[in-house]
Amino acid sequence: QVQLQESGPGLVRPSQTLSLICAVSGASITTNFYSWGWIRQPPGKGLECLGVIRYSGTTYYSPALKSRTSISRDTSKNQIILQLDSVTPEDTAVYYCARLLRSSGHYEFDHWGQGTQVTVSS
């Protein structure tokens with residue numbers, strides 16, 4: 001029932017800011033005990049979580065990307081917003097939005113968007 005859809009530019013120039021939107025349907029981003037995160041996967045590499053935002057609005061960021069990352073939300077539109085500043089070609093990746101919850105004694109991203117390809121190139 002929960003559906004997530006990422007959208008944004010497919011191409012970003014180096015040093016610019018990447019902005020992506022995750023549109024959530026089938027669940028409210030303010031529902032208690034859920035968090036919503038941004039994860040990326042560069043070509044040939046593993047998954048990397050950029051950060052999450054709780055239902056309350058509290059945010060948590062990867063230490064490696066915290067200085068460049070901002071996750072916010074638009075509750076009226078039920079959207080999660082990612083901003084990544086000063087991008088370089090190393091930021092080229094498929095970017096995913098996903099829901100985080102506690103299940104069976106552990107935390108997991110149980111619902112994912114299909115992902116959107118972002119290429120950083122001049």
Side-chain angles (χ1 to χ4, degrees):
Q1 182 177 345
V2 180
Q3 296 178 332
L4 302 89
Q5 178 64 247
E6 304 89 346
S7 63
L11 178 65
V12 185
R13 305 299 183 186
S15 79
Q16 293 186 335
T17 295
L18 168 65
S19 296
L20 296 176
I21 294 175
C22 174
V24 179
S25 62
S28 172
I29 61 175
T30 60
T31 297
N32 289 354
F33 308 122
Y34 292 117
S35 296
W36 306 84
W38 284 98
I39 308 97
R40 69 181 185 181
Q41 185 170 35
K45 299 182 180 179
L47 298 169
E48 177 185 27
C49 182
L50 285 77
V52 300
I53 184 167
R54 297 185 69 202
Y55 62 91
S56 63
T58 302
T59 52
Y60 301 87
Y61 299 108
S62 166
L65 298 169
K66 182 178 181 179
S67 65
R68 298 194 291 129
T69 306
S70 177
I71 297 175
S72 59
R73 63 183 183 174
D74 186 334
T75 57
S76 67
K77 297 180 180 179
N78 214 42
Q79 295 178 338
I80 308 297
I81 303 164
L82 170 69
Q83 290 191 332
L84 184 63
D85 298 330
S86 304
V87 299
T88 72
E90 285 67 44
D91 293 311
T92 294
V94 177
Y95 284 75
Y96 300 92
C97 182
R99 187 178 75 171
L100 177 69
L101 83 165
R102 184 177 182 270
S103 178
S104 300
H106 64 276
Y107 291 88
E108 66 180 46
F109 290 103
D110 67 333
H111 286 87
W112 295 64
Q114 67 179 17
T116 185
Q117 173 69 49
V118 176
T119 300
V120 180
S121 176
S122 60

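Computed from heavy atoms alone, side chains included, the values below leave out hydrogens, waters and symmetry copies.
Residues Pro14 and Thr88 fail the side-chain proximity criterion, which asks for heavy atoms closer than 4.5 Å. Side-chain atoms of Pro9 and Val118, non-hydrogen and from C-beta on, never get closer than 4.5 Å to each other. At least one side-chain heavy atom of Phe109 sits under 4.5 Å from a side-chain heavy atom of Cys49. Looking at Tyr61 and Ile71, their side chains come closer than 4.5 Å, going by heavy atoms from C-beta outward. Residues Glu108 and Leu101 have side chains in contact (heavy-atom distance under 4.5 Å, counting atoms from C-beta outward). Contact of the Trp38 side chain with the Thr69 side chain is not registered, since no non-hydrogen atoms from C-beta on lie closer than 4.5 Å. At a threshold of 4.5 Å between non-hydrogen side-chain atoms, the residues Arg68 and Asp91 count as touching. Residues Thr31 and Tyr55 are not in side-chain contact: their nearest non-hydrogen atoms beyond the backbone lie 4.5 Å or more apart.
Of the possible donor and acceptor atoms, none in the side chain of Arg54 sits under 3.5 Å from a partner among the backbone N and O of Phe33. For the pair Gln83 (side chain) and Ser19 (backbone), a donor-acceptor distance under 3.5 Å is absent. Asn78 places no side-chain N or O within donor-acceptor distance of the main-chain N or O of Ala23, the cut-off being under 3.5 Å. Put simply, the side chain of Thr119 never gets that close to the backbone of Leu11: no donor and acceptor are under 3.5 Å apart.
In the hydrophobic clustering of ILVMFWY residues, with side-chain heavy atoms under 4.5 Å counting as a link, Leu100 and Val24 come out apart. Leu50 and Val87 fall within the same hydrophobic cluster, where Ile, Leu, Val, Met, Phe, Trp and Tyr residues are linked whenever their side-chain heavy atoms come under 4.5 Å apart, directly or through other members. Taking hydrophobic clusters as Ile, Leu, Val, Met, Phe, Trp and Tyr residues chained together by side-chain heavy-atom distances below 4.5 Å, Tyr107 does not share a cluster with Trp36.
For the residue pair Ala98 and Ile39, the shortest heavy atom distance occurs at CB-CD1, 3.7 Å. Contact between Gln117 and Val94 at its shortest, heavy atoms only, is OE1-CG2, 3.4 Å.
Separation of atoms OG1 (Thr58) and CD1 (Ile53) is listed at 8.0 Å; rounding is to 0.5 Å. Put simply, SG on Cys22 and CZ on Arg99 are 11.5 Å apart, with the number rounded to the nearest 0.5 Å. Of the inter-residue distances, the one linking Ile29 atom CD1 with Lys77 atom NZ reads 11.5 Å to the nearest 0.5 angstrom. Note that CD of Gln114 and OH of Tyr96 are 9.5 Å apart. Values are rounded to the nearest 0.5 Å. Note that CD of Gln3 and OG of Ser25 are 4.0 Å apart. Values are rounded to the nearest 0.5 Å. The CD atom of Glu6 sits 11.5 Å away from atom CD1 of Ile21, with the distance rounded to the nearest 0.5 Å.
Screening Leu20, Thr92, Leu65 against Arg40 for a side-chain contact (heavy atoms from CB on, under 4.5 Å) leaves a single residue, Leu65.
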